[in-house]
Protein chains: 2
Amino acid sequence: MSLLVTGSIAIDTLETPLGRAENVLGGSAIHFALAASQFAPVRIVAAVGEDFDHGLLCCFDGKHVDTLGIEVRKGSKTFRWHGRYTQDMNDRETVEVRLNVLAEAGPKIPPAFRDSRYVFLANTHPALQREFVDQLSGPDLVVCDTMNLWIETERAELLKTLGVVHGVVLNDAEARMLTGRTNLVSAGRAITEHGPRFVVIKVGEHGSLLVTRDRVCVAPAFKSERVKDPTGAGDSFAGGMMGYLAAAGNDDVETLKASLVRGTVAASFTIEDFSLDRLRVVSMADFERRCGEYFDMLPSR
Amino acid sequence: MSLLVTGSIAIDTLETPLGRAENVLGGSAIHFALAASQFAPVRIVAAVGEDFDHGLLCCFDGKHVDTLGIEVRKGSKTFRWHGRYTQDMNDRETVEVRLNVLAEAGPKIPPAFRDSRYVFLANTHPALQREFVDQLSGPDLVVCDTMNLWIETERAELLKTLGVVHGVVLNDAEARMLTGRTNLVSAGRAITEHGPRFVVIKVGEHGSLLVTRDRVCVAPAFKSERVKDPTGAGDSFAGGMMGYLAAAGNDDVETLKASLVRGTVAASFTIEDFSLDRLRVVSMADFERRCGEYFDMLPSR
């Protein structure tokens, strides 16, 4: 099935206890697309400024990533983010952020992309997420991400967006903030009452939780000592998950569970090096080997 | 295989956002024994005061729990603990604690119990844990618990104890404090360097992690909305785990993984009601049904 992602393209400067990377490619749409392309062709919709160096997109060479929907906005500059992680890498501070093109109107979905069947709306203003949905011709599965800012400041808009998507991906703090419930199963259930048929709650180093109206499933993180830069872990996770779902062409609970494993494994590669440096060189054989290691890590009947 | 637990017997007063229970039976040895007895006969070694009401032990009626090693100390009083949980039940404060008999010399292991093959040393001073080991005749598997207090104040004694046990069970904060490492796999590996061949790191609502010198396994918590009182979750977990290992008669990695599931399921029952009220009425059929639900919750190959 065709897979579309709407999201950001960033120039990142990253500081972690294990090093520093300056002016490297990042952004939700990029991390998502690289992970998803392991499983299915991906279409990107995002905006960059005139300053954007298209040479950075070489990370997609040889991958099934269609960059037709990357709009180069005249007179604008590309989004820039400078982040610094804490010692345990579970938290980070923004040293500097320049929204630039992200503060302007959103990009349009090119006509050739409007028939996309599987769609991921990476984090942005919830009204803009709905604008994207309105440009599509009846997709089969739309999943959105969000963030604490919108939960606090644009709650009504966010609830409207939840009413038009089939699934949502967010983290534990966001799920609790959105619902006022501390138990994550209760929080997930409460979110399904706004519309989505499934909710994926990311719990950082602990992995993720899938909540539907009648099922709860859990995909622990791949446990590793090799963590160099967590940037993009959440978007790679969503990419692996959606890429697998698009390739499978359905989203029943067993397929969703299997998709969480692929998302988890994609994220586990992403965090092993800065930016896209690790995930871009991962082969399908590497991916399958790690899925095997993942299942070995879990108890089985 | 014969299974022995050394630990505490407490009279608890518990306050959680969902209720209050006064002067109920608790303590590590009690929660451990009730859970372990689902799988194997259990021998308890613990001390109580003259004030102890033996009628409280009716929770063991019909279970394979040998209370011969419960010493009633003349002139002493039973350990009492009054705890209050935070709204999300992930944290708690001690409202009042009276160590009473726990502040005195430890109980002795009765001669009839000294041939125990599987042994769990619940949390107490690490030197006392070694005293218990010294009274045994070459057990097959000794696993200990510990706490932040001993890591901070009795580090040298604790490291000696780690040198004489085969396994250790502790929580994430303790593993990090003990090793100075934030990554839990690294922390677990560092602990194995002090002697234990396996380390089980409990991560509260997220479940547990098993680390050996060459393997990492993970057993997520059983996800449920029914949490009424978390007291005893950790000791029930250890009880389910050790009971299963004693019944299996070995501790290879696959058996350890399976034992974590039984520990997880035991803990999931414990937290559904105050004190022992839920776990004491759980049948083997209930237990097996929930193990099935647990595996349904996990991704599979």
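So that the names make sense, note that chain A is the first sequence line, chain B the second, and so on, each numbered from 1.
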Residues of residues 249-274 of chain B with any heavy atom under 4.5 Å of a heavy atom in chain A: B/K257, B/V261
State, to 0.1 Å, how close B/E225 and A/S186 come at their nearest heavy-atom pair, and which atoms those are. OE1-OG, 2.8 Å
Could you tell me the separation between the CZ atom of B/R226 and the CG atom of A/N183, rounded to the nearest 0.5 Å? 11.0 Å
Heavy-atom distance under 4.5 Å between the side chains of B/L298 and A/P299, does that happen here? yes
I need the minimum non-hydrogen distance between A/M297 and B/V216, along with the two atoms involved. CG-O, 3.2 Å
Quick one: which of A/E205, A/Q87, A/M89 has the most heavy-atom pairs under 4.5 Å with chain B, could you say? A/E205
Within the structure provided, determine whether A/K223 and B/L209 are in side-chain contact (heavy-atom separation under 4.5 Å). yes
Choice from B/S300, B/G207, B/A221 maximising heavy atom contacts with chain A below 4.5 Å: B/S300
Atom group of A/V203 that falls short of 4.5 Å from chain B, counting heavy atoms: side chain
Just so I understand: if I count every heavy-atom pair under 4.5 Å between each of B/L210, B/V227, B/D296 and chain A, which residue has the most? B/D296
